[in-house]
K.L.:
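Below you'll find the structure I mean.
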2 protein chains.
Amino acid sequence: MTRRDEIIKQAGLLFSLKGYSAVSMRDIAKAVDIKAASLYNHLPSKQAILEAIVLNLANTFVNHIHDVNQNPSFSTRQKLSEIIQQHIDLSLQQPESVAVLNTEWIHLNGEALDKFKAKRFTYEQELREIIKNGIQEQSITKRDPEVILFSILSTLRTLNLWVAKRKHLTVEDLKADLETILLYGIIRQNKS
Amino acid sequence: MTRRDEIIKQAGLLFSLKGYSAVSMRDIAKAVDIKAASLYNHLPSKQAILEAIVLNLANTFVNHIHDVNQNPSFSTRQKLSEIIQQHIDLSLQQPESVAVLNTEWIHLNGEALDKFKAKRFTYEQELREIIKNGIQEQSITKRDPEVILFSILSTLRTLNLWVAKRKHLTVEDLKADLETILLYGIIRQNKS
DNA sequence: ACACAAAACTAACAATTGTTAGTTTATACA
DNA sequence: TGTATAAACTAACAATTGTTAGTTTTGTGT
């Protein structure tokens, strides 16, 4: 891991804990045990650090959902399963980056902000397509696609806030439960 | 509405748009068309503004779920329905405050931070109880209560991010769809 | 008209901010 | 060994931060 990567990683951790604006370049420097001015040997600005974190992860998400959606061997149900898996994995592997992606993107400016918004829109569009296809082929209930989209996406996007605490469950069990809850709901009908 | 209330309201709007740390007292002052120093005739500090927003709304949520949970005439299903309704209502009526509650509470300090965390824990505990009761009486599927809890709560807590855009749906239809999706899932079984 | 309080103002403070300039140290290759 | 490059350093900058002190304006009741 290069020095630049280390700085970005530490900065991501700090951003996720205190928010972009509340973290100074001196804070970041202290975390990698150098002086603030030395950061500029590796990165052009504070903004560039945020951009690297946000756009990098956004690309990972978009590329994955695109591959999934494009794969003709996947059913709607399988596509959703793959997407859930991806969110669980990334939320466990890089919870700080996910946190930054979720809440600190507002502090992006200009071109980077535009890029982020485009990526986000693309991601939502891919998932929207999967949902609409599902409704059309009658594998998904005929409810408002936007409500379905954001309802599921809200849960997946904020997995990072609680998923690390679930140590009593294996990742497999977590995935199985989450999938059941998201796809089949929680109400048990025809009881007894 | 008192001057203090107006300041808090404008500050909440700014906090929700740019984050607590990125909003200066001069920004807030400009929003109510006075000078920064004049704010201190109405409020003791910037922190106090954040405290007012966060703790006030946290209390609203906790009081409501407590009343719901305590009401013996509600079934598990009805309790969940009431809670969903409350989240929709507040997300529509005061989306900025909900946003601040969700993401800016980290910037609270000392006693106020403790109070917030206690409120949040109480809220989760009330919902946890409803879910566990539901599982016991077999009206809720026997899945990990924590996964059920945070899965639903994630969606409800972030309603503010998208619910305002759904103008093609009445609030009633939105609620009906959201309830169906959260409680009964999206997968249509036994199709055709 | 007068007094009093509420609420605005100006001016300033010490601290912190992101960033730059210029310099020294460490590393790698000829 | 000498040289070039990378990466650290010190020092400083202009701007912005939350907040305070002291003063003036505004509005209300007598």
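Chain letters run A, B, ... following the sequence lines, proteins first, then strands; residues in each count from 1.
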K.L.:
Salt bridge check, B/Glu179 against B/Arg77: does any charged N sit closer than 4.0 Å to a carboxylate O?
P.N.:
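Looking at B/Glu179 together with B/Arg77, the answer is yes, because their closest N to O distance falls below 4.0 Å.
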
K.L.:
Under a plain distance cut-off of 3.5 Å, with no hydrogens placed, do A/Ser154 and B/Thr158 share a side-chain donor-acceptor pair?
P.N.:
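Judged by distance alone, the side chains do pair up.
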
K.L.:
When rounded to the nearest 0.5 angstrom, what distance separates OG1 in B/Thr76 from CD in B/Gln78?
P.N.:
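Between B/Thr76 OG1 and B/Gln78 CD, I get 9.5 Å after rounding to 0.5 Å.
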
K.L.:
Hey, are A/Arg157 and A/Glu124 close enough for a salt bridge, meaning a charged N less than 4.0 Å from a carboxylate O?
P.N.:
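Here A/Arg157 pairs with A/Glu124 in a salt bridge, since their nearest N and O are under 4.0 Å apart.
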
K.L.:
With a 4.0 Å cut-off, would you call A/Arg128 and A/Glu146 a salt bridge?
P.N.:
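Counted as a salt bridge, because a side-chain N and a carboxylate O are separated by less than 4.0 Å.
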
K.L.:
Using a 4.0 Å cut-off on heavy atoms, which residues in residues 9-22 of chain B reach DNA chain D? List them by number, or say none.
P.N.:
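Nucleic-acid contacts, sorted: none.
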
K.L.:
Side chains of B/Thr103 and A/Thr103: is there a donor and an acceptor less than 3.5 Å apart?
P.N.:
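On atom types as modelled, these side chains do not qualify, holding no pair under 3.5 Å.
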
K.L.:
With a 6.0 Å cut-off on ring centres, are A/Phe61 and A/His87 close enough?
P.N.:
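Yes, they do, as the ring centres are separated by less than 6.0 Å.
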
K.L.:
To the nearest 0.5 Å, what is the distance between CD1 on A/Ile186 and CG on B/Leu80?
P.N.:
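Answer for the CD1-CG pair, A/Ile186 versus B/Leu80, is 5.5 Å.
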
K.L.:
What pairs with B/Asn160 under side chain to side chain donor-acceptor pair (under 3.5 Å), at least two apart in sequence or on another chain?
P.N.:
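With neighbours one apart ignored, the set is empty.
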
K.L.:
Considering only heavy atoms from C-beta outward, does the side chain of A/Gln47 approach that of A/Asn109 to under 4.5 Å?
P.N.:
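Yes, their side chains come closer than 4.5 Å.
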
K.L.:
If we fit an axis to the first five pairs and another to the last five of the helix from C/dA1-D/dT30 to C/dA30-D/dT1, what angle do they make, to the nearest 10°?
P.N.:
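Terminal axis comparison yields 10°.
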
K.L.:
Taking only nitrogen or oxygen atoms into account, show me every contact under 3.5 Å that the protein makes with nucleotides 24-26 of chain C, one pair per line with its distance.
P.N.:
none

K.L.:
Quick one: what's the B/S/- string for nucleotides 7-16 of chain C, heavy-atom cutoff under 4.0 Å, read 5' to 3'?
P.N.:
BBBBBB----

K.L.:
Looking at every heavy atom in both B/Thr141 and B/Ile148, which two are closest together, and how far apart are they?
P.N.:
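Nearest pair, atom of B/Thr141 first, then B/Ile148: O-CD1, 3.9 Å.
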
K.L.:
For B/Val32, which contact category applies under a 4.0 Å heavy-atom criterion: base, sugar-phosphate, or nothing?
P.N.:
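If one applies the 4.0 Å heavy-atom cut-off, B/Val32 turns out to touch nothing in the nucleic acid.
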
K.L.:
Expressed as a whole number of angstroms, how long is the span from A/Leu39:CG to D/dA8:P?
P.N.:
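In whole Å, D/dA8 P and A/Leu39 CG are 9 Å from each other.
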
K.L.:
Figure out the NZ/C1' separation between A/Lys30 and C/dT17, and round it to whole Å.
P.N.:
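Interatomic distance, NZ of A/Lys30 to C1' of C/dT17: 15 Å.
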
K.L.:
Would you mind checking if B/Arg3 and B/Glu6 are paired as a salt bridge, meaning a charged N to carboxylate O distance below 4.0 Å?
P.N.:
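So B/Glu6 pairs with B/Arg3 through a salt bridge.
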
K.L.:
With clusters defined by side-chain heavy atoms of hydrophobic residues (ILVMFWY) lying less than 4.5 Å apart, directly or transitively, does B/Leu17 cluster with B/Phe15?
P.N.:
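No, no single cluster joins them.
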
K.L.:
Could you tell me if A/Ser21 and B/Lys18 have a donor-acceptor pair between their side chains, going purely by distance under 3.5 Å?
P.N.:
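No, A/Ser21 and B/Lys18 have no side-chain donor paired with an acceptor closer than 3.5 Å.
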
K.L.:
Side chains of B/Leu159 and B/Val163, heavy atoms from C-beta outward: is any pair under 4.5 Å?
P.N.:
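With C-beta onward as the side chain, the pair touches.
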
K.L.:
In whole angstrom, what separates A/Leu43's CG from D/dA8's P?
P.N.:
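That distance rounds to 11 Å.
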
K.L.:
Could you tell me how far apart B/His107 (NE2) and D/dT17 (C1') are, to the nearest whole angstrom?
P.N.:
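Rounded to whole Å, this separation is 15 Å.
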
K.L.:
Listing time: all N or O pairs from protein to nucleotides 25-28 of chain D that are below 3.5 Å?
P.N.:
none

K.L.:
Tell me the interatomic distance from B/Ile49, atom CD1, to D/dT19, atom C1', rounded to whole angstroms.
P.N.:
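B/Ile49 atom CD1 is separated from D/dT19 atom C1' by 12 Å.
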
K.L.:
Rounded to the nearest angstrom, tell me the gap between atom CE in A/Met25 and atom P in C/dT19.
P.N.:
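Going from CE in A/Met25 over to P in C/dT19 covers 6 Å.
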
K.L.:
Do B/Val62 and B/Ile83 land in one hydrophobic cluster if side-chain heavy atoms of ILVMFWY residues count as linked below 4.5 Å?
P.N.:
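In one cluster with B/Val62: B/Ile83, yes.
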
